There are 2 protein chains.
Amino acid sequence: MSRPGLRERKKQKTRLALIDAALDLFAEQGYDATTVDQIAAAVDVSPRTFFRYFATKEDVALSLDADGQEILLAELAARPAEEPPFTALGRAMNTMITILEQGDTADRSRFLKARELIESTPALFAGGVRMMMQNERLLVAEIARREGMSPDDLLPHFAVSLFTAAIRVGLEACGPGQLNDLSDLTRHVDRVMELAERSLRPGWDRPAPGDGTASGAGPGSGEGTAGDGSVPDGRE
Amino acid sequence: MSRPGLRERKKQKTRLALIDAALDLFAEQGYDATTVDQIAAAVDVSPRTFFRYFATKEDVALSLDADGQEILLAELAARPAEEPPFTALGRAMNTMITILEQGDTADRSRFLKARELIESTPALFAGGVRMMMQNERLLVAEIARREGMSPDDLLPHFAVSLFTAAIRVGLEACGPGQLNDLSDLTRHVDRVMELAERSLRPGWDRPAPGDGTASGAGPGSGEGTAGDGSVPDGRE
DNA sequence: TTGTCAGTTGTCAGTGACTGCCATAAATTA
DNA sequence: TAATTTATGGCAGTCACTGACAACTGACAA
């Protein structure tokens, strides 16, 4: 495989430099007190360029999480179809962390630094949740595809929502300063996932056998009005 | 009871006027395309004053939801202690909607208008989720109190997180234009809550009998460092 | 090597959210 | 009516973010 070319390499370098500078400044003086100009100056780049790399100031801290979620989605798609939705999601999550663990030391510490910052900064925390919700859509679509259900069906929505809820509890459980290693993350997440498995009925994950309509709205649910057990896409 | 005095009444009037004007403008020209100056002008108030009523532009659309969540919390506190957490949360939610239904027509339509706007506007949607997460903390604290558990215990966190996840799915299920009445909201939310009840083991809600450590750190997680089955507060 | 082209960057001017400050006006209380 | 509190308006300023244009720099082919 040929290397990506000088231009591309330079871009990645700048991107990482911006992230590192931002993370350092945020940790030092706080997120709100840090201006984009400072970050740009630290990397010797114009503020305008910063916004060519990251759409918002939030994004520079959130981008690593975004990468992670992309991996999660890809890994979910790679899970065998026999695995029920929730199991597949959990395994994909573990694989994702494993992949993160394979990065070099700088990558790993950068990721952990970002996570800690996100959890301890209200503005970033909100942004992180926002991202997770956006990703939720994609996860729902993938689960629906795997299971051969409509993406409007309630069950995939519920399953994915439950999954992200569990992950969030796991992430919150990594208190301040408790996140020294990616294995800490795995441990916390696994604990919550186990609690979830323990709390749920076996097979909740998939439509009850003989339940043709699954959890509602099969193909021709007569009335097109509301309350037919489906959930529309609804956002542009 | 003596009426709140002219000053207070005037303030409430301005607040509602700002909300109404904002909701109309948002619906007309979109959230992003509407400036705070426009909203203020529509109510004949200086932009500076707008920010004395609402900390951010988002808040003017989110404030009704915020009121709702406050009610939810109060109703949860009023539920009998015998009810297990998830049940109590669900009942409190229903009561909250009932209370909203008791407002006058203007109040109700305002609320529905705001909800529809929030669901259809990415920026507002994100803000709404943010709010819900903040409220989640309070719900966790209340559940922990009811159950006599530490607010750091994993179980209340999981239960509340699951609850809000279900509510969110219910809210998303109210597609665009499908929210004509508060009863639509009840219907969608109830459907998801039923799915949740059906999916969960009876009693998952409360620590297993004889399980001293509640949901904590199963047997054999020796190290007393992180991951002891608790979740710290972690935000200032 | 050189010229062309596409992608990247800096500069600049501008919009809009949001804040602190101070003077003024209105409501409350004495 | 006078004194005090509280809401408001105006203003100047900061900061996130954007569009437009010009200068630069790798990529690539002649």
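For clarity, every value in this text was computed on a predicted model and none was experimentally measured. Reminder, nothing fancy here: chain letters follow the sequence lines and each chain counts from 1.
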Peer 1: Would you kindly check if the NZ (Lys) or CZ (Arg) of A/K57 is within the cone defined by 45 degrees around the ring axis of A/Y31 and under 6.0 Å from the six-membered ring centre?
Peer 2: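 Ring-cation test returns yes.
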Peer 1: Treat primed atoms plus P, OP1 and OP2 as sugar-phosphate and everything else as base, then score nucleotides 14-19 of chain C 5' to 3': B for base contact with protein heavy atoms under 4.0 Å, S for sugar-phosphate contact only, - for none.
Peer 2: --SSBB
Peer 1: Thinking salt bridges, do A/K113 and A/D20 make one under a 4.0 Å N-O criterion?
Peer 2: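 No.
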Peer 1: Taking all non-hydrogen atoms of both residues into account, name the closest pair between B/L62 and B/L124 and its distance.
Peer 2: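 So the minimum-distance heavy-atom pair works out to CD1-O, 3.9 Å.
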Peer 1: Using a 4.0 Å heavy-atom cut-off to protein, can you give one letter per nucleotide of nucleotides 22-30 of chain C, 5' to 3': B if the base is in contact, S if only the sugar-phosphate is, - if neither?
Peer 2: ----BBS--
Peer 1: Identify whether the distance between the nearest side-chain nitrogen and carboxylate oxygen of A/R168 and A/E172 falls below 4.0 Å.
Peer 2: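 Result for this pair is yes, salt bridge flagged.
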Peer 1: Just checking A/Q38: does its CD atom have more than 12 heavy atoms from other residues, nucleotides or ligands closer to it than 6.0 angstrom?
Peer 2: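 Above 12, so yes.
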Peer 1: Under 4.0 Å between a side-chain nitrogen and a carboxylate oxygen: does that hold for A/R187 and A/D190?
Peer 2: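 No, no charged N to carboxylate O under 4.0 Å.
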Peer 1: Hey, is B/R110 close enough to B/D67 for a salt bridge, meaning N to O under 4.0 Å?
Peer 2: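 No.
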Peer 1: May I ask you to decide if A/S161's main-chain N or O and A/T164's side chain share a donor-acceptor pair within less than 3.5 Å?
Peer 2: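 Checking the backbone N and O of A/S161 against the side chain of A/T164, a donor-acceptor pair under 3.5 Å is found.
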Peer 1: Of all the heavy-atom pairs spanning A/E58 and A/A123, show the shortest one and how long it is.
Peer 2: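 A/E58 and A/A123 have their closest heavy atoms at OE2-O, 3.6 Å.
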Peer 1: Could you please name the partner base of D/dA30, counting Watson-Crick and G-U wobble pairs only when both distances are under 3.5 Å?
Peer 2: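 Per the H-bond distance test, C/dT1.
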Peer 1: Hey, where on DNA chain D does chain B first and last touch, going 5' to 3'? Cut-off is any atom under 4.0 Å from a heavy atom.
Peer 2: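 For DNA chain D, the relevant span reads D/dT5 to D/dC11.
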Peer 1: Considering all heavy atoms of both residues, which atom of A/A166 and which atom of A/V192 are nearest to each other, and what is their separation?
Peer 2: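 Heavy atoms of A/A166 and A/V192 come nearest at O-CG1, 3.5 Å.
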Peer 1: Are any of A/Y53's side-chain N or O atoms less than 4.0 Å away from OP1 or OP2 of C/dT9?
Peer 2: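 A/Y53 to C/dT9 OP1/OP2: side-chain N or O found under 4.0 Å.
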